[in-house]
Amino acid sequence: MNEFEQQIYAAVYQIPSGSVATYGDIAKLAGYPGYARHVGKVLSSLPKDTQLPWFRIINSQGRISLKGTSLERQMARLREEGILVEPNGKISLKKYRWRELIDLN
DNA sequence: AGCCTGACTCCTA
DNA sequence: CTAGGAGCCAGGC
């Protein structure tokens, strides 16, 4: 496990329940601005039983980047936290985007 | 080196 | 709001 992954995990772990963050937010918070695509790469290789709130990560357009059953699973997890997710996977960044720690930097 | 790929992002139409 | 296209960066061939 390299330094990059460590930082990504640490950042994702901080996202509070009930809110979401974009790939770019996580990359930036982890100290690797511009590495949004790599955040997705790391998350795609997480073990199925991970404790990390990977489902709280969505793209900059406020939509879930997964498809098929994976998309269904992520929508379910988010709704369990009270987040409103439209049938097409759209989420209101305006309402749920995690800002707290990001603004502190 | 060159080309392709991807849980991305930004800008333009 | 959707569709392209360029820019992005590391990895695999």
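Throughout, protein chains are lettered first and strands after them, A, B, ... in sequence-line order, and every chain is numbered starting at 1.
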### Residues in salt bridge (charged side-chain N to carboxylate O under 4.0 Å, His left out) contact with R37(A), at least two apart in sequence or another chain
none

### Task
Quick one: list whatever passes salt bridge (charged side-chain N to carboxylate O under 4.0 Å, His left out) with E5(A), sequence neighbours left out.
none

### Query
Just by modelled atom types, is the I15(A) backbone N or O under 3.5 Å from a matching donor or acceptor in the R56(A) side chain?
yes

In whole angstrom, give the distance that lies between atom [atom1] of [X] and atom [atom2] of [N].
| X | N | atom1 | atom2 | value |
| --- | --- | --- | --- | --- |
| K94(A) | dC1(C) | NZ | P | 13 Å |
| F4(A) | dC8(C) | CZ | P | 17 Å |
| R37(A) | dA6(C) | CZ | P | 14 Å |
| K28(A) | dC8(B) | NZ | C1' | 16 Å |
| E3(A) | dA10(C) | CD | P | 15 Å |
| L29(A) | dC8(B) | CG | C1' | 17 Å |

### Query
Looking at Y35(A), does any N or O in its side chain come under 4.0 Å of the phosphate oxygens OP1/OP2 on dC8(B)?
no

Please list, for nucleotides 9-13 of chain B, all pairs of protein and nucleotide N/O atoms separated by less than 3.5 Å.
from: dT9(B); atom 1: OP1; to: Y23(A); atom 2: N; distance (Å): 3.4
from: dT9(B); atom 1: OP1; to: G24(A); atom 2: N; distance (Å): 2.9
from: dT9(B); atom 1: OP2; to: S60(A); atom 2: N; distance (Å): 2.8

### Task
Applying side-chain contact (heavy atoms from CB on, under 4.5 Å) between L71(A) and each of Q74(A), R73(A), M75(A), report the one that passes.
M75(A)

### Query
By side chain to side chain donor-acceptor pair (under 3.5 Å), which residues pair with Q7(A), not counting sequence neighbours?
E3(A)

### Task
Taking side chain to side chain donor-acceptor pair (under 3.5 Å) as the test, write out the residues that go with Y32(A), two or more places apart.
none

Determine all donor-acceptor pairs shorter than 3.5 Å in which one atom belongs to a side chain in residues 41-54 of chain A; sequence neighbours excluded.
from: S44(A); atom 1: OG; to: K41(A); atom 2: O; distance (Å): 2.6
from: S45(A); atom 1: OG; to: V42(A); atom 2: O; distance (Å): 2.9
from: T50(A); atom 1: OG1; to: L52(A); atom 2: N; distance (Å): 3.1

Give every pair of a protein N or O atom and an N or O atom of nucleotides 11-13 of chain C that lie under 3.5 Å apart, one pair per line with the distance.
none

Run the side-chain donor-acceptor check on residues 84-91 of chain A: report pairs under 3.5 Å with partners two or more places apart or on a different chain.
from: N88(A); atom 1: OD1; to: K90(A); atom 2: N; distance (Å): 2.9

## Note on the structure
With the side chain defined as heavy atoms from C-beta on, W54(A) is closest, among dC9(C), dA7(B), dC8(B), to dA7(B)

### Message
For the C1' atoms, the ones on dA7(B) and on dC13(C), what distance do you get once it is rounded to whole angstrom?
### Response
23 Å

Distance-only donor-acceptor hits, side chain of residues 58-69 of chain A, under 3.5 Å, sequence neighbours excluded:
from: N59(A); atom 1: OD1; to: Q61(A); atom 2: N; distance (Å): 2.9
from: N59(A); atom 1: OD1; to: G62(A); atom 2: N; distance (Å): 3.3
from: N59(A); atom 1: OD1; to: R63(A); atom 2: N; distance (Å): 3.0
from: N59(A); atom 1: ND2; to: R63(A); atom 2: O; distance (Å): 3.0
from: N59(A); atom 1: ND2; to: S65(A); atom 2: OG; distance (Å): 3.1

